[in-house]
Protein chains: 2
Amino acid sequence: MTTTATATKQFISADQLLEHWQGHRNLTRRVIESFPEKELFEFSVGGMRPFAKLATELLSIAGPGLKGIVEGKMDAFDDETAAPKTKEELLAKWDSETEVINLYFNQISQERFQETFNLFGQYEFPVYQNILYFIDNEIHHRGQGYTYLRALGIVPPFFWERF
Amino acid sequence: MTTTATATKQFISADQLLEHWQGHRNLTRRVIESFPEKELFEFSVGGMRPFAKLATELLSIAGPGLKGIVEGKMDAFDDETAAPKTKEELLAKWDSETEVINLYFNQISQERFQETFNLFGQYEFPVYQNILYFIDNEIHHRGQGYTYLRALGIVPPFFWERF
């Protein structure tokens with residue numbers, strides 16, 4: 001692990017980033033809820049994955065990724081094992097991961113955010129970039145979910161409503 | 001303007017955030033380029049706006065928003081005046097805004113990121129939240145653009161390719 005240049009002018013603190021992320025996760029939860037059960041698992045546009053599959057990917061990244069960073073383990077990414085089979089199961093898993101994310105995120109030090117880590121044994125970047133990737137990837141896939149909802153004639157939740 | 005609690009554990013520096021944002025902007029530029037001219041301005045899914053309209057919204061937020069923060073001006077948001085009419089015009093505007101963003105972002109101090117500002121005379125939040133909103137909103141709309149491209153049978157650029 002190498003340490004990159006130490007930051008000077010702070011943009012955001014760790015606490016603020018975590019709150020921001022959990023706000024996004026609240027919104028993604030609302031998007032999951034907005035889908036009818038069948039469409040959540042089956043509907044998509046242009047041959048893409050249904051939203052349940054995208055949400056399961058997100059669950060397989062956030063908690064397990066942070067756990068890997070904290071414990072220094074580079075287990076491969078896995079979104080097949082224990083994939084939720086119903087909307088209820090998916091929402092329950094979403095909620096239980098909230099605490100997992102808080103638990104591990106808070107164990108990462110300011111210095112560690114700047115160290116490189118080989119996430120899932122595959123993505124070698126500074127830890128802060130890995131974590132931004134988790135969040136960005138969620139916003140990206142949720143934007144696709146919004147499009148699915150609109151294509152289904154369902155009004156999605158407000159983008160700015162997070163808490 | 002009120003100052004919120006001073007941050008302690010740093011997550012990311014201002015320089016790193018700016019680089020991260022410009023990386024996202026490079027990817028959004030590639031998404032604009034991926035659309036055929038006609039579809040860029042006309043195609044959409046589920047009654048949503050075409051991608052040119054979404055990209056124009058992004059242009060009307062980032063540079064003007066930062067300028068407003070730096071100069072303390074709360075002019076209303078405007079994505080109608082001077083909206084690009086061709087793909088070439090849109091890409092040229094995208095490129096010229098890159099420098100505008102760098103110019104104004106770099107004038108914001110660490111303390112200022114924590115102060116609230118009434119963005120566009122309408123959104124009263126800490127400056128760091130306003131800026132994260134600019135980026136998140138770009139990722140959100142670009143995710144919708146990815147769905148449009150897939151619906152058109154066009155393979156979008158890799159999500160992780162930023163520079």
Side-chain angles (χ1 to χ4, degrees), chain A residues 4-21 23-24 27 44-48 54 105-106 108-114 123 125-129 131-133 135-156 159-160 162, chain B residues 4-21 23-24 27 44-48 54 105-106 108-114 123 125-129 131-133 135-156 159-160 162:
Chain A
T4 60
T6 305
T8 48
K9 191 203 289 184
Q10 174 170 304
F11 177 73
I12 189 175
S13 74
D15 285 351
Q16 290 171 335
L17 192 278
L18 180 59
E19 188 188 18
H20 180 73
W21 186 5
H24 271 301
L27 176 57
S44 86
V45 174
M48 296 169 71
L54 298 176
F105 183 87
N106 285 324
I108 306 174
S109 69
Q110 174 166 329
E111 293 68 35
R112 189 74 207 286
F113 285 130
Q114 299 296 324
Y123 309 99
F125 294 103
V127 167
Y128 82 86
Q129 288 186 15
I131 294 172
L132 286 180
Y133 190 92
I135 303 171
D136 296 346
N137 186 54
E138 173 163 349
I139 302 168
H140 174 69
H141 283 322
R142 191 182 57 212
Q144 298 168 343
Y146 269 66
T147 316
Y148 295 180
L149 287 172
R150 288 285 181 191
L152 287 164
I154 297 167
V155 177
F159 181 63
W160 55 86
R162 308 287 168 81
Chain B
T4 60
T6 305
T8 47
K9 192 204 283 184
Q10 174 169 308
F11 176 74
I12 188 175
S13 75
D15 285 351
Q16 289 170 336
L17 192 278
L18 181 59
E19 189 189 17
H20 180 72
W21 187 4
H24 270 301
L27 176 57
S44 87
V45 173
M48 296 170 71
L54 298 176
F105 183 88
N106 285 324
I108 306 174
S109 69
Q110 173 166 329
E111 292 68 34
R112 190 72 207 288
F113 286 130
Q114 299 295 324
Y123 309 99
F125 295 103
V127 167
Y128 81 85
Q129 288 186 16
I131 294 172
L132 287 179
Y133 191 91
I135 303 171
D136 296 346
N137 187 54
E138 174 163 346
I139 302 169
H140 174 69
H141 284 321
R142 192 182 56 212
Q144 298 168 343
Y146 269 67
T147 317
Y148 295 180
L149 287 173
R150 288 285 182 193
L152 288 164
I154 296 167
V155 178
F159 181 63
W160 55 86
R162 307 287 168 84

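Chain naming here is simple, since letters A, B, ... match the order of the sequence lines and numbering starts at 1 in each.
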- request: Mind listing the closest non-hydrogen atom pair of Lys9(A) and Ile108(B) along with its distance?
  value: NZ-O, 2.6 Å
Structural part of His20(B) lying under 4.5 Å from a heavy atom of chain A: side chain
query: Going by the angle between their ring planes, with limits at 30° and 60°, are Phe159(A) and Tyr133(B) parallel, tilted or perpendicular?
result: perpendicular
query: Any side-chain heavy atom of Tyr148(B) within less than 4.5 Å of one from Thr147(A)?
result: yes
task: Rounded to the nearest 0.5 Å, what's the gap from CD on Gln144(B) to CZ on Arg142(A)? Could you check?
output: 10.5 Å
query: Counting distance only, does the side-chain N/O of Gln110(B) pair as donor-acceptor with the main-chain N or O of Gln10(A) below 3.5 Å?
result: yes
- prompt: Which atom pair, heavy atoms only, marks the closest approach of Thr8(B) to Ser13(A)?
  reply: N-CB, 4.2 Å
message: Measuring only between side-chain heavy atoms, which start at C-beta, is Phe11(B) closer than 4.5 Å to Leu18(A)?
response: no
- prompt: Quick one: of Ile131(A), Leu132(A), Asp15(A), who has the most non-hydrogen atom pairs under 4.5 Å with chain B?
  reply: Leu132(A)
- prompt: For Glu138(A), what residues pass the side-chain hydrogen bond (donor to acceptor under 3.5 Å, both in side chains) criterion, not counting sequence neighbours?
  reply: Thr28(A)
query: By side-chain hydrogen bond (donor to acceptor under 3.5 Å, both in side chains), which residues pair with Arg162(A), not counting sequence neighbours?
result: His24(A)
task: Pick one of side chain, backbone, both or neither for Ile139(A), based on which atoms fall under 4.5 Å of a heavy atom in chain B.
output: both
query: Quick one: what part of Ser44(B) sits under 4.5 Å from any heavy atom of chain A, side chain, backbone, both or neither?
result: neither
